[in-house]
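In listed order, ligands and their atoms are each counted from 1. Quick caveat, the model's predicted, so the values are computed rather than measured.
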Amino acid sequence: MRKPIIAGNWKMNKFIPEGISLVKELKEILKPVKEREIVVCPPFTLLFSLAEELKGSNIILGAQNLFAAEFGAYTGEISPLMLKELGVIYCIIGHSERRRLFGEDNSLINQKSKIALKLGIKPIVCIGETLEEREKELTFSVIKEQITGVLAGLSSSELANIVIAYEPIWAIGTGRTATCEQAEEVHSFIRKEVSNLYGERIALALRIQYGGSVKPENIASLMKEKDIDGALVGGASLSADSFSKIVRY
Ligand code: PEP
């Protein structure tokens, strides 16, 4: 049985007091929830305060990015060890905004995932096609290339600590969600590809989140699909009301 994982990607939003009050509200509303893994991924500036705030709660701390080295002359970057020191458990890696705005590719995302796993951070690895790729019917070849690239060289035991987030780029922040059928088609394809690479047992245990304009109104139907195991939520994770409704779909 795969436990659903709902993660909020706050992106570059929330000052410290706002972030703290958001998780205070979430802690209260979501206290009774046991059947979901709940993750919040605030900006780096909030990690220290939220780590304190979330101690003893059922909400797990995640980050939005890390650098593929332990220490060194990498001005402006953050080591996985520094995240771990703060109590970070998950880290989003290779979000489409990082691919598009900061030139991250499958090979860098693979390096980041490898070092994260080695140092004890669980990657939420993002993949997904652009609208142009979908319209040219390249979705499955793009997804296959991304899966092969981002997972290259990872062992079966490492796969147990990875979450894949399928985020069709055309659905992120646009209000345009993939239909349940469109999402399920790709999720089941991802699981099949992982099965080809690692075998059925590993593929069946892998959690694959959907991301792209997830809201309280569409989460329940997405979660009915066989291969959708949770959501990576952007905009709707910024309010306690909408995020908690998504968690408790
Ligand atoms: C995201 O940023 O990962 C995302 C899915 O954003 P939104 O929910 O706002 O589309």
Does K11, backbone or side chain, put an N or O under 3.5 Å from an N or O of ligand 1?
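Yes; the residue has a nitrogen or oxygen that sits under 3.5 Å from a nitrogen or oxygen of the ligand.
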Using distance alone, decide if ligand 1 has a nitrogen or oxygen within less than 3.5 Å of any nitrogen or oxygen in L232.
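L232 vs ligand 1: no N/O contact under 3.5 Å.
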Short side-chain to backbone donor-acceptor contact, [X] and [Y], under 3.5 Å:
{"X": "K215", "Y": "S213", "value": "yes"}
{"X": "Q64", "Y": "K11", "value": "yes"}
{"X": "R36", "Y": "P4", "value": "no"}

Counting only heavy atoms closer than 4.0 Å, does ligand 1 sit against the backbone of I172, its side chain, both, or neither?
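Looking at I172 and ligand 1, atoms from backbone and side chain both fall under 4.0 Å.
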Ligand 1 versus A171: contacting region, heavy-atom distance under 4.0 Å
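Backbone only.
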By number and element, which atoms of ligand 1 are closer than 4.0 Å to a non-hydrogen atom of [X]?
{"X": "S213", "value": "7 (P), 8 (O), 10 (O)"}
{"X": "G211", "value": "5 (C)"}
{"X": "G212", "value": "5 (C), 10 (O)"}
{"X": "G173", "value": "7 (P), 9 (O), 10 (O)"}
{"X": "G235", "value": "7 (P), 8 (O), 9 (O)"}

Quick test: of every protein heavy atom, which one is nearest to [atom], and how far off is it to 0.1 Å?
{"atom": "atom 8 (O) of ligand 1", "value": "G234 N, 2.8 Å"}
{"atom": "atom 5 (C) of ligand 1", "value": "E167 OE2, 3.1 Å"}
{"atom": "atom 1 (C) of ligand 1", "value": "H95 NE2, 3.2 Å"}

Does either side chain, that of Q182 or that of Y210, offer a donor lying less than 3.5 Å from an acceptor on the other one?
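Note: Q182 and Y210 side chains miss the donor-acceptor criterion.
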Report yes or no: do N110 and K114 form a side-chain donor-acceptor pair below 3.5 Å?
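Present: a donor and an acceptor within the cut-off.
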What residue among Q209, H187, E129 forms side chain to side chain donor-acceptor pair (under 3.5 Å) with Y166?
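Considering Q209, H187, E129, a side chain to side chain donor-acceptor pair (under 3.5 Å) with Y166 is found only for E129.
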When Ile, Leu, Val, Met, Phe, Trp and Tyr are grouped by side-chain heavy atoms lying under 4.5 Å apart, directly or through other members, which residues fall in the same group as Y74?
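Its cluster mates, by chain and number, are F67.
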What's in the same ILVMFWY side-chain cluster as L101, cut-off under 4.5 Å, chained through other members?
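Listed partners: F102.
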